[in-house]
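One structure below.
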Amino acid sequence: MDKRYFLKLISAAMSVPVLSPLLAWAAGDKLKNWAGNVVYGTDRLYAASSIEQAQDFVKKTAKFKVLGTRHCFNHIADSTDEFLSLRSMDKVLSLDSQGRTVTIPANMSYGQLAPYLHEHGFALHNLASLPHISVAGACATATHGSGEKNGNLATQVSALEMITASGDIVKLSRKQDGENFQAAVVGLGALGVVTKLTLDLQPTFLMKQYVYLDLPFSEMQQHFDAIEASGYSVSLFTDWQKKRINEVWIKTRMEPGQEFKATPEFFGAKLATRNFHPIAELSAENCTEQMGVPGPWYERLPHFKMGFTPSAGDELQAEFFVPRKNAVDAILAVEGLHDQVGPHLFITEIRTIAADDLWMSPCYHQDSVTIHFTLKPDWPAVSKLLPVIEKELAPFQARPHWGKLFTMDPERLKAGYTKLPEFIEVAKKYDPQGKFRNDFLNRNVFS
Ligand SMILES: Cc1cc2nc3c(=O)[nH]c(=O)nc-3n(C[C@H](O)[C@H](O)[C@H](O)COP(=O)(O)OP(=O)(O)OC[C@H]3O[C@@H](n4cnc5c(N)ncnc54)[C@H](O)[C@@H]3O)c2cc1C
């Protein structure tokens, strides 16, 4: 597909309000992921509308996967047996204003949760690039936003409830359950059916967003730390051409001492005078407001507006985490591949994430930088490109995103997770027969 045709497709898709994924599926299509690149191994899906129904399903079913909002690009959510959906449970369960926590049904989306929190005077510390993903699905795969002091979204979880393979309910909390909790939060869907999540909150806050254009790579190389420290959340978008970062998105909190002062120039980049899409040629109509217009946190932290999203995507995504200390070298290594990457790429995004203590998080005990690729939907070509990128990033201890595409050998992948043996032990405790495992997990985690 050429870029012009894709741009038309995506602009058309982006002006359509969100459709229920299951509705789209009921119209006769096969059950697929959001991107359409994974046709799931079964259409059998049971939608539970209560925890008791979900428990009953777990007791009766030998093997299945829970499906969230289907935004993973690989087979981590796939099943050849059955699916369980908890999406119809979507009302906040309780808000503890004093303790600053909210308890929610696990597969509620951030888009459903965020406006409620803001109305009640609260905020989450961060969000991903789009708000339509389910909280449980995001946490299971260590989904992240950006910001060098911001942990991934799973670090918001302070307690969870899940149904284990026997159908029993287990409650785990950060305060009381130490290691089991650290294993379960980024659980890769392998420990149980997460039914409730309690998330840490902070008082709601306002933000502004600025975009700068054409930051030379040489400036990025020399001033990476200062650039990343300039805002609460910073994203660098590049197409790897012309040795430049095409767009720098700086999201800043409107608080004394924290606010970014937008000057016309920023390390050689120019302040944009209109809103931009991360792919500059696309309309910014559905992007969150820029040019310093104040707005609530949930309308500035994601790149895309809540009300508009394609019901399906015509793109593939891959993303690699590298330790923060290797960031510039890793970025320059990928730059060396610009001729090979260019023809298959829509855009790359570079973000920072703070270290955490969740065993299967790619940021476990390690401040990290991610190099993300939004790629054209041509798997035969992408499947040849990814090993090239992975080889180039190997010296920098790169780990793939659990929900995106990769071709890395399982042995290399597993070597990146020091807590893997303990994780497998915890998984076996809650699921001795492998009820929640699928081919992806067997290959990449349990083999
Ligand atoms: C357009 C787009 C933008 C994205 N932006 C970002 C981004 O900014 N940052 C980022 O890090 N990632 C991003 N992602 C990736 C996305 O956040 C992850 O793939 C995430 O896992 C999607 O959640 P989901 O509910 O759609 O998961 P699904 O694909 O439905 O499921 C993911 C995994 O979670 C498990 N799971 C879901 N619910 C439960 C439950 N209740 N109990 C147990 N296991 C469960 C599933 O079994 C599966 O293993 C993006 C994806 C897309 C398509």
Side-chain angles (χ1 to χ4, degrees), residues 10 13-14 21-22 31-38 40 45 48 51 54 58 64-79 83-87 89 104-111 126-146 152-154 160-164 184-197 233 235 278 301-304 309-321 346 349 351 353 360-363 368 370 372 374 400-405 430-431 435-438 440-441 444-445:
I10 202 166
M14 288 199 124
L22 295 181
L31 184 58
K32 295 178 190 154
N33 67 340
W34 175 88
N37 66 311
V38 174
Y40 294 127
L45 183 146
I51 292 175
V58 175
F64 68 94
K65 292 302 296 173
V66 189
L67 207 49
T69 39
R70 305 171 303 119
H71 280 80
C72 285
F73 290 84
N74 60 29
H75 287 268
I76 191 169
D78 201 1
S79 173
F83 286 114
L84 171 65
S85 170
L86 308 178
R87 290 283 293 139
M89 291 179 257
I104 58 165
N107 285 98
M108 187 174 194
S109 73
Y110 290 98
N126 212 358
L127 290 170
S129 65
L130 93 171
H132 310 96
I133 47 180
S134 83
V135 180
C139 294
T141 60
T143 289
H144 61 93
S146 192
N152 65 37
L153 305 191
L160 62 83
E161 279 188 37
M162 64 180 184
I163 307 171
T164 62
V185 181
V186 179
L188 311 178
L191 269 56
V193 178
V194 180
T195 53
K196 290 185 192 171
L197 288 164
S233 162
S235 288
L301 284 169
H303 304 327
F304 299 102
T309 188
S311 59
D314 259 304
E315 65 188 50
L316 299 177
Q317 294 188 12
E319 186 168 37
F320 300 93
F321 294 72
F346 289 124
E349 180 175 10
R351 290 180 273 187
I353 305 108
M360 297 309 284
S361 161
C363 304
S368 300
T370 49
H372 161 94
T374 302
H401 190 301
W402 284 113
K404 300 188 183 179
L405 293 166
Y430 294 127
D431 180 18
K435 188 176 274 202
F436 307 126
R437 285 175 223 158
N438 58 9
F440 178 98
L441 290 175
N444 291 300
V445 178

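A quick note: this is a predicted structure, and the numbers were derived from the prediction, not measured. What's counted below: heavy atoms across the whole structure, side chains too, no hydrogens, waters or symmetry copies. Note that ligands are numbered from 1 as they come in the structure, with each ligand's atoms numbered from 1 the same way.
Checked by atom type and distance alone, the side chain of Thr195 pairs as donor or acceptor with a backbone atom of Glu161 at under 3.5 Å. Between the side chain of Trp402 and the backbone N or O of Val186 there is no donor-acceptor pair closer than 3.5 Å. Checked by atom type and distance alone, the side chain of Ser79 never pairs as donor or acceptor with a backbone atom of Phe64 at under 3.5 Å. Using modelled atom types, no side-chain atom of Arg437 and backbone atom of Val445 make a donor-acceptor pair closer than 3.5 Å. Panel note: side chain Thr69, backbone His71; no donor-acceptor pair is recorded below 3.5 Å. A donor-acceptor contact shorter than 3.5 Å links the side chain of Arg87 to the backbone of Asn107. Between the side chain of Asn438 and the backbone N or O of Ile76, at least one donor-acceptor pair lies under 3.5 Å. In terms of modelled atom types and a separation under 3.5 Å, the side chain of Lys65 and the main chain of Leu84 share no donor-acceptor contact.
Ranking the protein heavy atoms by distance from atom 24 (P) of ligand 1 puts Thr69 OG1, 3.3 Å first. In this structure, the protein non-hydrogen atom closest to atom 31 (O) of ligand 1 is Ala77 CB, 3.7 Å. Among protein heavy atoms, atom 35 (C) of ligand 1 sits closest to Ala140 CB, 4.0 Å. Scanning all protein heavy atoms for the shortest distance to atom 23 (O) of ligand 1 gives Gly137 C, 3.5 Å. Looking only at protein heavy atoms, the nearest one to atom 40 (C) of ligand 1 is Val66 CG1, 3.7 Å. Protein heavy atom closest to atom 4 (C) of ligand 1, with residue, atom name and distance, is Leu130 CD2, 3.6 Å. Looking only at protein heavy atoms, the nearest one to atom 19 (O) of ligand 1 is Cys72 SG, 3.0 Å. For atom 49 (O) of ligand 1, the closest non-hydrogen atom of the protein is Ile76 O, 3.4 Å.
Using a 4.5 Å cut-off on side-chain heavy atoms (C-beta onward), Asp431 and Thr164 make no contact. The side-chain heavy atoms of Ser235 and His303, taken from C-beta on, include a pair separated by under 4.5 Å. Side-chain atoms of Phe440 and Asp78, non-hydrogen and from C-beta on, never get closer than 4.5 Å to each other. Looking at heavy atoms from C-beta onward, Phe346 lies out of side-chain contact with Gln317 at the 4.5 angstrom threshold. For the pair Tyr110 and Ile133, the minimum side-chain heavy-atom distance is below 4.5 Å.
Those atoms of ligand 1 with a heavy atom of Ser129 less than 4.0 angstrom away are 3 (C), 4 (C), 5 (N), 6 (C), 7 (C), 8 (O). Those atoms of ligand 1 that come under 4.0 Å of a heavy atom in Leu188, given as number and element, are 49 (O). Listed by number with element, the atoms of ligand 1 under 4.0 Å from a non-hydrogen atom of Ala128 are 7 (C), 8 (O), 9 (N). Which parts of ligand 1 touch Ala136 is read off a 4.0 Å heavy-atom cut-off, strictly below it: atoms 38 (N), 39 (C), 40 (C), 41 (N). Contact atoms of ligand 1 toward Ala138: 23 (O) (distance under 4.0 Å to a heavy atom of the residue). Set against the non-hydrogen atoms of Val193, the atoms of ligand 1 under 4.0 Å away are 42 (N). In summary, the atoms of ligand 1 found under 4.0 Å from a heavy atom of Gly189, numbered by their order in the structure, are 44 (N).
At least one heavy atom of Phe73 sits less than 4.0 Å from an atom of ligand 1. Ligand 1 has Gly192 within reach: a non-hydrogen atom of the residue lies less than 4.0 Å from it. Heavy-atom distances between Gln317 and ligand 1 reach below 4.0 Å in at least one pair. At least one heavy atom of Arg351 sits less than 4.0 Å from an atom of ligand 1. For His372, the heavy-atom gap to ligand 1 stays at 4.0 angstrom or more.
Residue Glu315 has no nitrogen or oxygen atom sitting less than 3.5 Å from a nitrogen or oxygen atom of ligand 1, judged on distance alone. Looking at Ser134 next to ligand 1, an N or O pair under 3.5 Å apart turns up. Considering backbone and side-chain N/O atoms, His401 comes within less than 3.5 Å of an N/O atom of ligand 1. For ligand 1, the polar-atom distance check against Leu67 finds no nitrogen or oxygen pair separated by under 3.5 Å.
The side chain of Lys404, and not its backbone, has at least one atom closer than 4.0 Å to an atom of ligand 1 (non-hydrogen atoms only; side chain from C-beta on). When non-hydrogen atoms are compared, ligand 1 lies under 4.0 Å from the side chain of Lys65 (C-beta onward) but not from its backbone. Proximity of Thr143 to ligand 1, defined as any heavy-atom pair under 4.0 Å, is shared by backbone and side chain alike.
Of the candidates Thr141, Leu127, Leu86, Thr141 brings a heavy atom nearest to atom 20 (C) of ligand 1.
Here the options are Asn33, Thr141, Val38, the test is side-chain contact (heavy atoms from CB on, under 4.5 Å), and the partner is Cys72; only Thr141 passes.
Using the six-membered ring where Trp is involved, His144 and His401 have ring planes that are tilted, between 30° and 60° apart.
Donor-acceptor pairing under 3.5 Å is recorded for the side chains of Glu319 and Thr370.
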